[in-house]
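Worksheet: one structure, shown below.
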Amino acid sequence: MILPRSFYTRATVDVARDLLGKWIVHGKSAGRIVEVEAYLGEGDPAAHSAAGMTPRTRVIFGPPGHAYVYLSYGMHECLNIVAEPEGKAGCVLIRALEPVSGLAAMRERRGAVRSDRELANGPGKLTQALGITRAHYGADLTRGDLVVRSAPDGAAPEVDASARIGITKAADLPLRFSIRGNPFVSR
DNA sequence: GGTAGGATGGGCT
DNA sequence: GCCCATCCTACCC
């Protein structure tokens, strides 16, 4: 089942935790979400939306369930999913996936990787593995070629909380969530 | 097993 | 002009 809009129309932290275990599907490739980070609309200087609405951050303030894709360090695209009701900022960075289908296509897009564990265990790696680019900026994830669905076996995973990775502002907030013991978590 | 350094371009002041 | 929500390679245990 594709996650409905109402799933995303909630507090960003709740959406982030509940995204763990869900599947991101693009074409024939799919991955299970094992690691995410919450970026809040209020009181979070690390969030891109902290500087207000700009051409780049516009979608973060829009309706939930859409994709916010940005270019990181001039080279890598990163995928976020917009949360909170329309008009309020908040999004969830997808940091790592456990590949579940279409692995051959992922290997082709990723190039030289030593093992399947390295296919999508990082925010820039997973977009490359799934073929997600800035062309998906603003895409509606409740319909179309890129969607998020519930897993076939719906058991809720055990969740670890820790500090977000690679940021300098608000670096101590425990807004990174991952599935306990999962080997596809980035670190 | 570990880490240091460089690539590379858009967004905003 | 400065700042990055990163990744890969080389090199060293």
Side-chain angles (χ1 to χ4, degrees), chain A residues 8 11-17 19-20 22 24 29 31 33-62 64 66-84 88-99 106-139 141 146 148 159-179 181 183-187:
Chain A
Y8 304 102
T12 305
V13 168
D14 294 335
V15 175
R17 298 182 74 106
L19 275 171
L20 292 173
K22 304 299 191 291
I24 296 180
S29 294
I33 300 172
V34 299
E35 179 183 350
V36 299
E37 284 176 359
Y39 285 89
L40 311 181
E42 292 169 4
D44 185 5
H48 289 172
S49 56
M53 185 150 47
T54 67
R56 181 178 65 145
T57 62
R58 167 181 58 81
V59 72
I60 307 174
F61 294 83
H66 290 253
Y68 166 50
V69 185
Y70 72 94
L71 184 68
S72 177
Y73 291 95
M75 277 165 288
H76 306 104
E77 332 243 3
C78 294
L79 170 67
N80 293 252
I81 302 178
V82 176
E84 306 281 353
K88 189 172 181 190
C91 62
V92 178
L93 171 67
I94 310 301
R95 278 200 60 91
L97 300 177
E98 174 177 345
M106 292 192 198
R107 291 187 199 104
E108 201 162 316
R109 283 187 287 254
R110 284 280 291 133
V113 292
R114 282 187 284 278
S115 76
D116 288 348
R117 201 173 60 83
E118 299 172 37
L119 282 176
N121 65 336
K125 301 178 191 179
L126 70 92
T127 55
Q128 188 181 30
L130 284 183
I132 296 168
T133 69
R134 279 167 289 168
H136 289 98
Y137 181 92
L141 300 178
L146 177 63
V148 185
V159 175
D160 283 332
S162 55
R164 294 175 292 183
I165 290 177
I167 58 170
T168 52
K169 300 167 189 161
D172 52 332
L173 299 180
L175 293 177
R176 170 178 178 245
F177 305 104
S178 56
I179 294 182
F184 295 87
V185 170
S186 67
R187 63 167 93 156

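A quick note: this is a predicted structure, and the numbers were derived from the prediction, not measured. Because only heavy atoms are used, hydrogens play no part in the values below, and waters and symmetry mates are left out as well, while side chains stay in. Naming: A, B, ... by sequence-line order, numbering from 1 per chain.
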How far apart are the C-alpha atoms of A/Arg134 and A/Glu77, what are their side-chain angles, what is the distance that settles it, and do they pass the salt bridge (Lys or Arg N to Asp or Glu O under 4.0 Å) test?
CA-CA 7 Å; A/Arg134 279 167 289 168; A/Glu77 332 243 3; 3.2 Å; yes

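- Remark on DNA chain C: of its neighbouring residues A/Leu79 and A/Val113, the 5'-side contact belongs to A/Leu79, judged by nearest-heavy-atom nucleotide.
- Within a heavy-atom distance below 4.0 Å of DNA chain C, the residues of residues 120-131 of chain A found are A/Gly122, A/Pro123, A/Gly124, A/Lys125.
- A cation-pi arrangement is found for A/Arg164 relative to A/Tyr39, the charged atom lying closer than 6.0 Å to the ring centre and inside a 45° cone about the ring normal.
- Panel note: side chain A/Tyr68, backbone A/Arg56; no donor-acceptor pair is recorded below 3.5 Å.
- Within the 4.5 Å cutoff, side-chain heavy atoms of A/Arg176 are placed close to those of A/Ile165.
- When rounded to the nearest whole Å, the span between CZ of A/Arg164 and P of C/dA5 equals 10 Å.
- In summary, the aromatic rings of A/Tyr70 and A/His48 are positioned with their centroids under 6.0 Å apart.
- Close to C/dC7, at under 4.0 Å from its OP1 or OP2, lies no side-chain N or O of A/Arg110.
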One character per nucleotide, please: for nucleotides 6-13 of chain B, 5' to 3', B when the base has a protein heavy atom closer than 4.0 Å, S when only the sugar-phosphate does, - otherwise.
-BBBSSS-

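- Shortest non-hydrogen contact noted between A/Ala89 and A/Phe61 is CB-CE2, 3.7 Å.
- Side chain of A/Thr57 to main chain of A/Ile60: no donor-acceptor pair is present (N/O by atom type, distance under 3.5 Å, no hydrogens or angles).
- Counting only distance, with no hydrogens or angles, the side chain of A/Ser186 and the backbone of A/Pro123 share no donor-acceptor pair below 3.5 Å.
- Although no hydrogens or angles enter the test, the distance criterion places a donor-acceptor pair under 3.5 Å between the side chain of A/Arg110 and the main chain of A/Glu118.
- When both distances must be under 3.5 Å, the Watson-Crick or G-U wobble mate of C/dA5 does not exist.
- Listed by residue number, the members of residues 168-177 of chain A with any heavy atom below 4.0 angstrom from DNA chain B form an empty set.
- One finds no salt bridge joining A/Lys169 and A/Asp44 here, because no Lys/Arg side-chain nitrogen approaches an Asp/Glu carboxylate oxygen to under 4.0 Å.
- Around CD of A/Glu108, the count of heavy atoms belonging to other residues, nucleotides or ligands within 6.0 Å does not exceed 12.
- If A/Glu118 and A/Cys91 are placed on DNA chain C by their nearest nucleotide, the residue sitting closer to the 5' end is A/Cys91.
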